[in-house]
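The sequence lines fix the lettering, A, B, ..., with proteins before strands; numbering per chain opens at 1.
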Amino acid sequence: MTNLAVEVAGIKLKNPVLTASGTFGFGREFAELYDLNLLGGVMVKGTTLNPRLGNPPPRIAETPAGMLNSVGLQNPGVDYVIREEIPWLRQFDVAVIVNVSGHSFDEYAEIAARLDGVPGVDGLEINISCPNVKGGGMAFGTDPKMAAEVIKRVRSRTQLPVIAKLSPNVTDITEIARAVEAEGADAVSLINTVLGMAIDIKTRRPVLANIVGGLSGPAIKPIALRMVWQVAQTVNIPIIGMGGITTAEDAVEFLLAGATAVAIGAGNFCNPMTAPEVIKGLKNWLSQEKIDDVRELIGGLKT
Amino acid sequence: MTNLAVEVAGIKLKNPVLTASGTFGFGREFAELYDLNLLGGVMVKGTTLNPRLGNPPPRIAETPAGMLNSVGLQNPGVDYVIREEIPWLRQFDVAVIVNVSGHSFDEYAEIAARLDGVPGVDGLEINISCPNVKGGGMAFGTDPKMAAEVIKRVRSRTQLPVIAKLSPNVTDITEIARAVEAEGADAVSLINTVLGMAIDIKTRRPVLANIVGGLSGPAIKPIALRMVWQVAQTVNIPIIGMGGITTAEDAVEFLLAGATAVAIGAGNFCNPMTAPEVIKGLKNWLSQEKIDDVRELIGGLKT
Amino acid sequence: MIKSVKAEIVENKPIAPEFFRMTLKAETLASEGLPGQFVMVKVSPNLEPFLRRPISLHQINREEATVSLLYQVVGKGTRLMSETQKGKVIELLGPLGKGFTWSDSDRVVALVGGGCGTAPLVALAHSLLEDKKEVHVLLGAQTKEKLVCEEDFISMGAKVKVATDDGSYGHHGFVTDLLKNLIHDVALDMVYSCGPLPMTKEVVKLTQEASIPCQISLEERMGCGIGACIGCVCKVRTKDGAFTYKKVCKDGPVFKGEEVMFDD
Amino acid sequence: MIKSVKAEIVENKPIAPEFFRMTLKAETLASEGLPGQFVMVKVSPNLEPFLRRPISLHQINREEATVSLLYQVVGKGTRLMSETQKGKVIELLGPLGKGFTWSDSDRVVALVGGGCGTAPLVALAHSLLEDKKEVHVLLGAQTKEKLVCEEDFISMGAKVKVATDDGSYGHHGFVTDLLKNLIHDVALDMVYSCGPLPMTKEVVKLTQEASIPCQISLEERMGCGIGACIGCVCKVRTKDGAFTYKKVCKDGPVFKGEEVMFDD
Ligand SMILES: Cc1cc2nc3c(=O)[nH]c(=O)nc-3n(C[C@H](O)[C@H](O)[C@H](O)COP(=O)(O)OP(=O)(O)OC[C@H]3O[C@@H](n4cnc5c(N)ncnc54)[C@H](O)[C@@H]3O)c2cc1C
Ligand SMILES: Cc1cc2nc3c(=O)[nH]c(=O)nc-3n(C[C@H](O)[C@H](O)[C@H](O)COP(=O)(O)OP(=O)(O)OC[C@H]3O[C@@H](n4cnc5c(N)ncnc54)[C@H](O)[C@@H]3O)c2cc1C
Ligand SMILES: Cc1cc2nc3c(=O)[nH]c(=O)nc-3n(C[C@H](O)[C@H](O)[C@H](O)COP(=O)(O)O)c2cc1C
Ligand SMILES: Cc1cc2nc3c(=O)[nH]c(=O)nc-3n(C[C@H](O)[C@H](O)[C@H](O)COP(=O)(O)O)c2cc1C
Ligand code: FES
Ligand code: FES
């Protein structure tokens, strides 16, 4: 029997494949397509203290082997999530990680406090890297001091595992990773989207109403892999790797680079069956390669 | 008659399409394929003071809608370039911009001095952003103080127009752009490649012998466009935009975002006729849109 | 129930300049799809283009277990669709979204279609006529040769009028001119509209002035197509006079005319 | 002279498991191409995959103005090539690189091919036999069914010996075992080699031990294919005992056996 189970930040995952925040809603839609019990975990949509409307449309632009989004954290607010979404997700045997987004240190801390002890919540992913909200979001994740402060505040208000979600829009991602590790992050997840832009030459306007947006999909896979590898060389906490994964082979690359688990983001759009197909493909690949424990791959890159 | 001519940093270009450094050698190979006189300009391979061997192979990896390279500045050294390559390029009526790469402030300054006054050299592109050489290259371009210092030293040793080539691997590219502008850069060019990585899961090794390499091609176009737009909002010197251009429409996007000219890099590989096709396509598009001067497009984005 | 389906292309051919009709063998779509719903089409087997394309159900044939898509080639995705050969199997996600609705009390209805917006109205007209409604169809096109589906509507028994921008066929002018006249001439219980945004806005304006309820099908750029990414929103009025964003893919694509807020 | 050419596919069909032969109508390639040279093939009309694929000239038919490529399907690029229909026009760049060379004094030569490395040796054997050389061909394959081109060599008049890894045909073992024997039995003036790296290294070793000159065709991942990007280098000995990097695409792909430095 091939073992697929891994543990990240104390969270047990039956397999190392999660769905990335913002690309999977709260799981309801995909539950119509496949059994969510198949997944290692679900990282739900970025959740703020109060409901948020997000940015005006258009919010989506297609780019070569990828896409831009400027959703801007439209979400119903943490109380609604606790009341309506988490209880629904609890019916599945799947790790539930709530993605927490804030505009201030206090907001991050308050959301974390409200989620602490909520049955069905297995961990918090602290989104200090959203490129789509003004005066906040990414700013927290591009300055090591601010990143550390967010994690410190969150850490002090929750018993839940804390996963810091890092931004790729930085000169040195290892510096941020070290800063959040020092303040007690139990894991890091990376990468969030890369800030990008698209222009409609017919109208001479940006395609996105927000002008800029976050680039994701296979286009950014080389950047994500490099950052996962760099961070794996730097910190001792586990990594959830993401950025452009669409196949089991992609997932193996991230594991070899040092990720303990991986998440599927935009890959859920180009093929909504991506996550279960990656899990199945990973299992097949492992048995074909005669590897009986997926954990053997983690950080197994020979350099 | 549609005007295609533009001027960047005092360099007259008969059209705004150049070929990007490192993807076009010194023009000899492409001269077999088409008349180099068609081009607005040629940016030659990164040139160092002494000949350099570069990195071990493999140096190329393909990625979704793009590629990684870790050539590492293999080049015959500035004296050879002055003696053998520039005189050959002079036969063409095309702007020649020499890409200058160094390991120290002194090296940059010395190369600039040797190229000063060399007939046939129209400008210098100062590569403070090469991700493929250790202990140098990109380090100069990711710290505004070091970037400024390189430009200052170069500026004091040459009369030639100085174009600072910026790295995308930074938290805030506008900060670097402002720093080099303040020290007298006549223009900026951006973006250089984005640091990335690819893994061969069969061998469990990085595809590139150098482990990491620079990502280029259409995959990075949204990142490049965003940076060109950001820099155009920030500085008053002209911009040469590049990153993933393969069509005339791509070129128009960069011009609208604020570039005065554009360069074709990896696009020269997927189709070696890309540069002349972009020029022709641009001309056709302008006349179809009844625009009689390409300069009308520059910075014409409506936001 | 949304399903990820693989469907064989039974037919894929041009029906007018730029317009193609693709017929697919797809049992669940044919048995569960409703007029106004759509599918997300994977147009290429590789990563380029990356996203699926939303295309409305144009004909729903329960007996033959087929559905048809009518699409206009406007970019690389639709071009790739047009180049895919009969016999090939493509991937689709659907049926998606909320379609058009009608009640027993609606007796006389008008369908207003512009350009490729005509596509879903064919399935809609079919269902409405089965339900014994009096169906008026108003079609707009740039020019005569780009007019699609006129025959389909006529042979079903709908009353069809046409407008062309260049006057090459039917009324010279906008399809909304025809609607204005129709509202004047006939007592309509419901107006259904699908087409370019300016047309949709005008339909909403005319129906509101005449106090006729109206349903409009909207388009927006989509990521997932199923409601998970919140990428495809439109502005919808809230009771307090403010607005909220609803998902075109899940809460729509069909909305009530009065609820949508248009920016100008 | 390198040219960017569009060529019609005259034939594209499997000749063994995983192996395809594609014949192209391409006048300049046929008239200017030499054995050992290669082309960069655009395998897809869009951006995915992004880079062209280097494939050797396998047959050069001046009379019919065609060239053939023999390729093994190992990844998505070669898979796309294998799926491209006869009649389609594809883009190529070539002829590229420096091919195999021979002089009048070379009378008896051996060609050693492994796997898809056999491809360019067919064009080479053809030219050598035209020049009245005595041509020995040693072919290696994993298994009998993956052996390609044996018939081609025989019908040209070459002397062919085969080795298979699994012993299903010919010698059970490596093709380099055959070379060892041939060197023992026949006085060779030149050995040409194209195949996987371990085979190439062994050919270099055996020929050096026997003081026979040898030419090897190398493979490396390529960006441009024409010498502009310096992406495809191999280590070549310099006089001072150090090394320099030469471009496989422009200075090669054929190198003298003794000049290349292999890392172990
Ligand atoms: C619910 C829904 C149903 C639709 N039904 C049909 C249909 O039945 N028949 C049909 O021909 N078209 C339909 N469309 C529009 C169709 O989805 C777009 O024309 C198509 O996605 C364009 O893809 P492309 O790659 O060919 O063009 P692209 O190269 O992506 O773009 C070309 C042009 O199309 C526009 N466009 C791109 N994506 C969309 C989108 N999602 N919605 C609207 N415009 C877009 C762009 O602004 C651009 O100007 C529908 C759209 C939606 C949202
Ligand atoms: C000068 C030259 C001539 C060649 N001639 C032939 C030929 O006549 N017939 C033939 O079948 N093959 C030939 N090859 C090899 C051929 O180029 C590769 O098999 C092909 O590029 C793989 O593309 P892919 O997309 O199918 O595989 P990918 O998915 O890109 O890769 C699959 C595997 O092929 C290997 N590979 C990828 N690119 C290259 C490359 N440039 N060189 C070597 N290995 C590579 C990778 O390591 C990987 O393991 C030649 C290569 C060179 C450099
Ligand atoms: C439409 C969309 C919405 C996203 N929303 C969030 C979010 O709310 N919070 C967050 O941390 N990341 C968000 N992300 C980022 C993804 O979780 C992921 O980090 C990123 O897309 C890279 O992975 P991918 O290339 O597989 O998509 C979003 C991504 C997309 C495409
Ligand atoms: C193979 C290769 C070699 C390069 N060498 C250099 C170089 O020597 N100096 C430099 O400034 N940029 C170099 N670049 C970067 C390009 O000039 C360009 O900035 C980058 O590739 C982005 O443009 P593109 O996406 O069009 O390729 C190189 C790029 C490639 C692909
Ligand atoms: S397209 Fe994802 S929510 Fe509508
Ligand atoms: S592939 Fe570019 S130099 Fe050889």
Side-chain angles (χ1 to χ4, degrees), chain A residues 19-34 44-46 51-76 198 207-209 213 216-219 221 244 246-247 265-274 276-277, chain C residues 1-6 28 32 39-54 74-77 91-97 197 218-236 238 242-250 252 260-263:
Chain A
T19 52
S21 177
T23 65
F24 205 71
F26 293 91
R28 291 183 191 268
E29 294 78 16
F30 284 89
E32 291 193 46
L33 287 165
Y34 57 82
V44 304
K45 176 67 194 164
R52 276 179 61 94
L53 271 180
N55 290 320
R59 294 176 171 182
I60 302 280
E62 193 180 50
T63 67
M67 62 175 283
L68 291 165
N69 89 82
S70 60
V71 170
L73 293 178
Q74 177 171 349
N75 82 95
V207 177
L208 301 174
S216 59
K221 199 186 80 172
T246 63
T247 65
N268 291 311
F269 307 159
C270 84
N271 172 10
M273 303 303 286
T274 297
E277 285 176 12
Chain C
M1 189 72 184
I2 305 174
K3 287 221 179 63
S4 174
V5 296
K6 290 191 208 301
T28 53
E32 296 178 21
V39 289
M40 291 290 278
V41 183
K42 186 150 176 52
V43 294
S44 131
N46 62 36
L47 298 172
E48 193 54 34
F50 184 61
L51 296 173
R52 297 186 172 206
R53 298 296 190 259
V74 295
K76 72 177 157 196
E91 288 182 42
L92 307 151
L93 190 62
L96 302 173
L197 202 56
L218 296 183
E219 291 195 358
E220 191 46 74
R221 288 165 186 268
M222 293 190 175
C224 66
I226 61 176
C229 75
I230 336 185
C232 63
V233 295
C234 65
K235 263 190 188 170
V236 164
T238 49
F243 70 91
T244 187
Y245 285 126
K246 283 203 177 179
K247 301 168 188 170
V248 171
C249 69
K250 195 176 180 180
V260 177
M261 249 168 94
F262 299 107
D263 294 321

**Asked** Is it the side chain or the backbone of K42(C) that comes within 4.5 Å of chain A heavy atoms, both, or neither?
**Response** side chain
**Engaged part of P51(A) at the chain C interface, taking heavy atoms whose separation is under 4.5 Å** = neither
**Message:** Looking only at heavy atoms and a cut-off of under 4.5 Å, which of A266(A), G217(A), A219(A), G54(A) has the most pairs with chain C?
**Reply:** A266(A)
**Fill in**
With E62(A) as partner, the option from R53(C), R52(C), R221(C) fulfilling salt bridge (Lys or Arg N to Asp or Glu O under 4.0 Å) is R53(C)
**Considering all heavy atoms, the nearest R59(A)-G231(C) contact** = CB-O, 3.3 Å
**Request:** Go through the atoms of K247(C) and report whether side chain, backbone, both or neither lie under 4.5 Å from a heavy atom of chain A.
**Result:** side chain
**Prompt:** With chain A, which of G223(C), G77(C), A228(C) has the greatest number of heavy-atom pairs at distances under 4.5 Å?
**Reply:** A228(C)
**Request:** Please state whether the side chain, the backbone, both or neither of N271(A) comes within less than 4.5 Å of a heavy atom of chain C.
**Result:** both
**Request:** Can you see which heavy atom on C229(C) is nearest to which on F269(A), and at what distance?
**Result:** CB-CZ, 3.4 Å
**Request:** Would you mind checking which part of K250(C) comes under 4.5 Å of any heavy atom in chain A, side chain (CB onward), backbone (N, CA, C, O), both or neither?
**Result:** side chain
**Rounded distance [0.5 Å steps], CZ in F30(A) versus CD1 in I2(C)** = 9.0 Å
**Request:** Against chain A, label L93(C) side chain, backbone, both or neither, depending on which of its atoms sit under 4.5 Å from a heavy atom there.
**Result:** side chain
**Request:** Below 4.5 Å from any heavy atom of chain A, which atoms of M40(C) appear? Answer side chain, backbone, both or neither.
**Result:** neither
**Request:** Measure the spacing between CD of E48(C) and OG1 of T63(A) and express it to the nearest 0.5 Å.
**Result:** 8.0 Å
**Item:** Top contributor to chain C contacts, counting heavy-atom pairs under 4.5 Å, from K45(A), E32(A), M67(A)
**Value:** E32(A)
**Request:** Using a 4.5 Å cut-off on heavy atoms from C-beta on, say whether the side chain of Y245(C) contacts that of P56(A).
**Result:** yes
**Message:** Please report the interatomic distance CD1(I230(C)) to CG(N55(A)), rounded to the nearest 0.5 Å.
**Reply:** 11.5 Å
